Amino acid sequence: MRYWLIKSEPDAYSIDDLARDKTTPWTGIRNYQARNFMRDQMKVGDQAFFYHSNCDEPAIVGITEVSATAYPDATQFDRKHKYFDEKATRETPRWLHVDFRFVKKTKPVTLAELRGHKSLAKMQLLARGNRLSITPVDPDAWKYILTLMK
DNA sequence: GCCAACGTTGGC
DNA sequence: GCCAACGTTGGC
């Protein structure tokens, strides 16, 4: 069982949206590294921090769990969809995604706060220039961040 | 709104 | 295979 951090812009899809929906297909990932994490490594039961990006106060705001392993992203086949990909076919889909289930909302742990903890300095989220929307979180960092939510 | 950092595309 | 140009991300 692994730990992850997934980013979402709250204007597009927030932790409250997930709380309402209970589970959601994580469609629209169009980055190979992020896709490969989902396709090759994510298992049902893996846990992930839900992070709000590109907003007033970037922060981890909740916890989610993988509820379905990777399957083809339907939006890549939809000619009218923003995420349509003309190079993808049903036989050889290019993009896949998992489903996430809502676990809980937490006290926000802001990006600024995360940066203040030396033991978290190696987190990929905090790496210079990081833009990846799905990053692994190592178990020690996971446990440490849980204590910051208390 | 700015801009640094990064990924992708496409000409050669 | 190289690399310039371009588009996107996301903090500030």
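Chain naming here is simple, since letters A, B, ... match the order of the sequence lines and numbering starts at 1 in each. This structure is a prediction, so every number in the text was calculated from the model and none was measured.
- R35(A) has no carboxylate O lying under 4.0 Å from a charged side-chain N of D73(A), or vice versa, which leaves the two without a salt bridge.
- Rounding to whole angstrom units, CG of residue D56(A) and P of dC12(C) are separated by 13 Å.
- One axis for each end of the helix from dG1(B)-dC12(C) to dC12(B)-dG1(C), each built from five base pairs, and the angle between them comes to 10° at 10° resolution.
- Put simply, the side chain of Q76(A) gets close to the backbone of R94(A): a donor and an acceptor are under 3.5 Å apart.
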Practice problem: Indicate for each nucleotide in nucleotides 4-10 of chain B, in 5' to 3' sequence, whether protein heavy atoms under 4.0 Å reach the base (B), only the sugar-phosphate (S), or nothing (-). | Solution: -BBSS--
Self-check item: Steps toward side chain to side chain donor-acceptor pair (under 3.5 Å) verdict (S53(A), R131(A))
Solution: CA-CA 10 Å; S53(A) 67; R131(A) 295 187 313 169; over 6 Å; no
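- Remark: side-chain polar atoms of N130(A) are not paired, donor with acceptor, to backbone N or O of A127(A) under 3.5 angstrom.
- Ring centroid separation for the pair W95(A) and Y83(A) does not come in under the 6.0 Å cut-off.
- Checked options W142(A), Y3(A), W4(A); the residue passing with F49(A) is W142(A) (criterion: ring pair (Phe, Tyr, Trp, His ring centres under 6.0 Å)).
- For the pair R20(A) and D17(A), the salt-bridge criterion is met [side-chain N within less than 4.0 Å of a carboxylate O].
- Taking the side chain as every heavy atom from C-beta outward, Y13(A) and W26(A) approach each other to under 4.5 Å.
- Atom CG in N54(A) sits roughly 17 Å away from atom P in dC3(B) (whole-Å rounding).
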